[in-house]
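Notes to accompany the following structure.
The sequence lines fix the lettering, A, B, ..., with proteins before strands; numbering per chain opens at 1.
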Amino acid sequence: MKTYKEEIAELLAPHVGLPASEIRDALTLPQHDGHGHFSFPCFPLAKRLRKAPPVIAQELATAIPAQGEIEKIEPLNGYLNFFINESDFARRTLSLIAAQGANYGATDRGNGKTVVIDYSSPNMGKELAFHHLRGTMIGNSLSRLYRHAGFQVVRINHLGDWGTSYGKLIVMFLREGLRESDLEGMSIERLNALYKAFENAAREDATLEDQARETFQQLEAGHARYQGLWAAFRDITLHELQRIYGFLNVQFDHYTGEAFFVAHMPKTLAELESKGLMTRSQGADIVDLTAHNMPPVLLRKSDGATLYITRDIAAAVYRKENYAFDRCLYIVDNGQSLHFQQLNKVLELMGYAWHKEVEHVPFGLVLIKGEDGGWEKGKTRSGQSSLLKDVITAAQEKILGIINEKNPDAKDKETLARQIGVGALVFSELKNRRLNDIRFEWDKALSFEGDSGPYVQNAHVRLCSILRKSAERFGKSEPDHPAAGSLDGIDFGKFPEPQAQTLIRSLSLFADRIRNAIDANDPCPIAQYALEIAEGTHSFLHVCRALGSAEEKERLFLVDCARIVLGQALAMIGVPPIESM
RNA sequence: GCACCCGUAGCUCAGUGGAUAGAGCAGCGGUUUUCUAAACCGUUGGCCCCAGGUUCGAAUCCUGGCGGGUGCACCA
């Protein structure tokens with residue numbers, strides 16, 4: 001079935017002398033009530049036709065009769081505004097949602113192309129810090145959006161599980177007299193404490209840093225005992241990571257971290273050398289990028305150990321060879337833009353034309369209000385940082401208090417509180433554009449009114465609640481889902497209220513918003529869209545009571561459609577689409 | 001110094017080539033016998049950092065400033 005834009009474009013084409021596809025892309029959605037459903041700006045035609053835009057609009061309006069579902073064509077301010085019959089618009093929009101259900105908004109835009117998305121990628125031996133949430137949820141959201149748009153998505157957690165840090169961990173493990181038998185049931189907190197203990201001890205004993213470097217070198221060279229310890233540390237880390245990812249409903253296809261690529265190092269270094277890119281400088285192996293106005297890339301330290309960019313080069317080649325990606329996205333904070341510029345340049349110099357498909361998707365900092373009232377970066381390396389699990393727990397506790405106050409009979413309040421807390425935190429990070437630094441404030445992030453996670457969740461809850469109550473009248477335990485049934489007997493003319501029309505119009509825009517999000521590699525448009533649907537829902541429900549009304553059948557149908565779309569939008573940004581709260 | 005990013009209402013932010021620049025919070029005033037008031041409605045509040053340029057049209061694109069954040073050789 002043709003879209004309205006396509007129909008309008010074909011209608012216009014013979015009159016404006018442009019191909020229909022070009023007209024279709026030029027059509028805009030009016031911002032103001034009373035300007036119709038679609039607009040055609042006549043300004044670009046003015047020069048060729050040697051007429052003023054308002055005149056062109058007037059002439060087109062006279063020449064083209066309203067027809068079919070197009071009820072009215074009006075010129076205004078140089079625009080040609082198209083008004084669709086509201087009843088037809090409602091039928092078309094809602095029946096499409098009903099027919100497609102969870103697939104609503106899906107496209108075949110990706111056409112089976114493969115996109116690799118690298119996100120979250122925390123360091124081994126440490127817990128997820130609060131600032132990891134943003135990149136994790138951006139990557140999670142983009143994964144879902146790309147999949148919905150017809151891409152094959154490969155989700156990769158490029159764990160920071162290699163480097164001198166793990167020499168430190170091993171040194172400290174042994175220094176504290178621990179043995180392999182102590183690894184059983186060792187917690188991530190204990191592991192993290194070892195790391196901190198090292199930092200403290202190293203301030204007293206300067207030789208420790210050297211020991212760590214040496215230990216790591218031996219680890220890289222294949223030292224059996226060290227490798228065993230390393231593997232155990234990794235297991236402990238993964239176990240905890242997956243617990244937290246479970247709270248966030250985040251998954252990965254591969255946990256191929258840096259260590260995975262250690263075996264590729266000789267091949268990668270040989271390739272760089274044979275291509276004449278590797279030079280020696282100050283005892284280290286580097287790629288000199290002065291010709292490209294960049295600092296040198298350090299491939300191998302003077303002690304022979306490789307660095308993370310070396311492993312990133314190997315990883316990019318591996319991913320191209322094994323996943324045949326059409327795009328490879330790195331969801332990593334903006335502070336690493338130089339690293340990715342260098343990575344890209346090295347791949348280019350290696351002769352890989354596909355370096356253009358490798359893209360850094362940076363995001364801004366999450367700043368936390370410090371004790372002195374200033375904004376501070378959440379820190380891990382210097383010790384002071386909020387752990388993500390602590391932030392989630394704190395959110396959960398605060399929300400639990402609100403549930404006890406508002407809905408004391410709710411079941412499984414702990415889980416519910418966590419889902420609302422996660423929703424609040426995630427929404428507060430994704431509702432802003434990706435590159436903006438975020439000033440995180442507890443009260444605002446956990447606010448349960450206004451532009452917030454609980455606000456959008458609450459709209460979903462209200463929709464679900466109506467469908468539940470509808471079923472309960474007939475003693476059914478499962479909620480009604482009228483959109484899953486027949487359209488027979490639905491009168492799409494029964495949505496005369498402006499609130500209903502606004503909501504229906506918003507519901508029609510899902511695919512456009514997904515396109516916006518993918519074009520920008522940013523979940524923000526979907527978070528804003530969820531807000532728009534939630535607002536539309538709350539306003540509609542305020543004026544239109546469904547159950548027991550003369551329009552019950554129609555309104556329940558709209559309620560179910562709104563539930564489907566809002567539920568999908570929430571799922572796309574990683575806000576739990578809960579059904580009661 | 002160089003590089004990446006940001007600058008829109010008192011505060012936090014949407015809008016990123018189209019018409020009269022929008023929300024939330026804060027302020028003021030209303031709405032509940034009714035499906036979740038975690039809601040709704042009204043109202044106050046703008047040289048869209050500055051200056052040039054491109055364009056029929058710029059908050060949006062380009063150039064140059066100013067202000068702020070972040071990064072730049074042996075950590076990841």
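- Toward the 5' end of RNA chain B, the nearer of the two residues A/His542 and A/Pro362, judged by each one's closest nucleotide, is A/Pro362.
- For the C1' atoms, the distance linking B/U44 with B/G24 amounts to 16 Å, nearest Å.
- A/Lys47 has a side-chain polar atom (N or O) that falls below the 4.0 Å cut-off from OP1 or OP2 of B/C56.
- Residue-to-nucleotide proximity on RNA chain B shows that, of A/Lys469 and A/Ser39, the 5′-proximal contact is made by A/Ser39.
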### Message
Quick one, A/Arg311 with A/His264, criterion side-chain hydrogen bond (donor to acceptor under 3.5 Å, both in side chains). Give me CA distance, side-chain angles, the key distance, then yes/no.
### Response
CA-CA 8 Å; A/Arg311 299 186 284 269; A/His264 299 237; over 6 Å; no
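- Across all strands, A/Pro296 comes closer than 4.0 Å to base atoms (heavy-atom distances).
- Taking atom P in both B/C48 and B/G22, the straight-line distance is 14 Å, to the nearest Å.
- Under the Watson-Crick and G-U wobble criteria, each requiring two contacts below 3.5 Å, nucleotide B/G27 is paired to B/U43.
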#### Entry: Test side-chain hydrogen bond (donor to acceptor under 3.5 Å, both in side chains) applied to A/Tyr308 and A/His339, step by step
CA-CA 10 Å; A/Tyr308 84 128; A/His339 169 78; 3.2 Å; yes
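- Nucleotide B/G1 has B/C72 as its partner under the Watson-Crick or G-U criteria, with both atom distances under 3.5 Å.
- Each of B/C13, B/C6, B/A19 was ranked by its minimum atom distance to the side chain of A/Leu435; first place goes to B/C6.
- Following rounding to the nearest Å, A/Leu289 (CG) and B/C2 (P) show an atom-to-atom distance of 19 Å.
- With C1' as the reference atom, B/G53 and B/A14 are 28 Å apart, rounded to whole Å.
- Residue A/Tyr455 has a polar side-chain atom (N or O) positioned under 4.0 Å from OP1 or OP2 of B/C40.
- A donor-acceptor contact under 3.5 Å links the side chain of A/Asn81 to the base of B/A19.
- Nucleotide B/G64: paired with B/C50 (Watson-Crick or G-U wobble, both distances less than 3.5 Å).
- Here A/Gln282 lies in heavy-atom contact (under 4.0 Å) with a base.
- With both ends at atom P, the span from B/A39 to B/C25 equals 8 Å, rounded to whole Å.
- At the phosphate of B/A14, OP1 or OP2 sits under 4.0 Å from a side-chain N or O atom of A/Asn436.
- The side chain of A/Thr28 contributes no N or O atom lying less than 4.0 Å from OP1 or OP2 of B/A19.
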### Message
Working note: A/Asp288 + A/Thr279, criterion side-chain hydrogen bond (donor to acceptor under 3.5 Å, both in side chains); need CA distance, chi angles, decisive distance, verdict.
### Response
CA-CA 7 Å; A/Asp288 186 353; A/Thr279 54; 5.5 Å; no
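- On the P atoms, B/U70 is 15 Å away from B/C13, given to the nearest whole Å.
- Nucleic acid contact for A/Ile309: none, since no nucleic acid atom lies under 4.0 Å from a heavy atom of the residue.
- If you check every strand for non-hydrogen atoms under 4.0 Å, A/Arg462 touches sugar and phosphate atoms only.
- Searching all strands for a Watson-Crick or G-U wobble partner of B/A38 with both distances below 3.5 Å returns nothing.
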#### Entry: Audit row: A/Lys72, A/Glu74, salt bridge (Lys or Arg N to Asp or Glu O under 4.0 Å) steps and yes/no
CA-CA 6 Å; A/Lys72 196 167 60 169; A/Glu74 273 185 353; 3.6 Å; yes
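- Proximity of A/Thr164 to the phosphate of B/C75: a side-chain N or O atom is located under 4.0 Å from OP1 or OP2.
- Remark: C1' of B/G71 and CG of A/Leu343 are 16 Å apart, rounded to the nearest angstrom.
- Atom C1' of B/U8 sits at a distance of 15 Å from the matching atom of B/C50, rounded to the whole Å.
- Rounded to a whole angstrom, the distance from the C1' atom of B/A51 to that of B/C66 is 11 Å.
- Residue A/Asn334 is in base contact, counting any heavy-atom pair closer than 4.0 Å across all strands shown.
- Remark: B/U33 base-pairs with no nucleotide; criterion is Watson-Crick or G-U wobble with both hydrogen-bond distances under 3.5 Å.
- With a 3.5 Å ceiling on both atom-pair distances, the Watson-Crick or G-U wobble partner of B/C13 is B/G22.
- In this structure, A/Ser281 reaches the bases: a heavy-atom distance under 4.0 Å links it to at least one base atom across the strands shown.
- Here the C1' atom of nucleotide B/G71 and the CD atom of A/Gln341 are 10 Å apart, to the nearest Å.
- One finds a side-chain N or O of A/Lys406 lying less than 4.0 angstrom from the OP1 or OP2 phosphate oxygen of B/A38.
- Rounded to the nearest Å, the gap between the C1' atom of B/G7 and that of B/G29 is 34 Å.
- Judged by distance alone, with hydrogens and angles left aside, A/Ser447 brings no side-chain donor or acceptor close enough to the base of B/A38 to form a pair under 3.5 Å.
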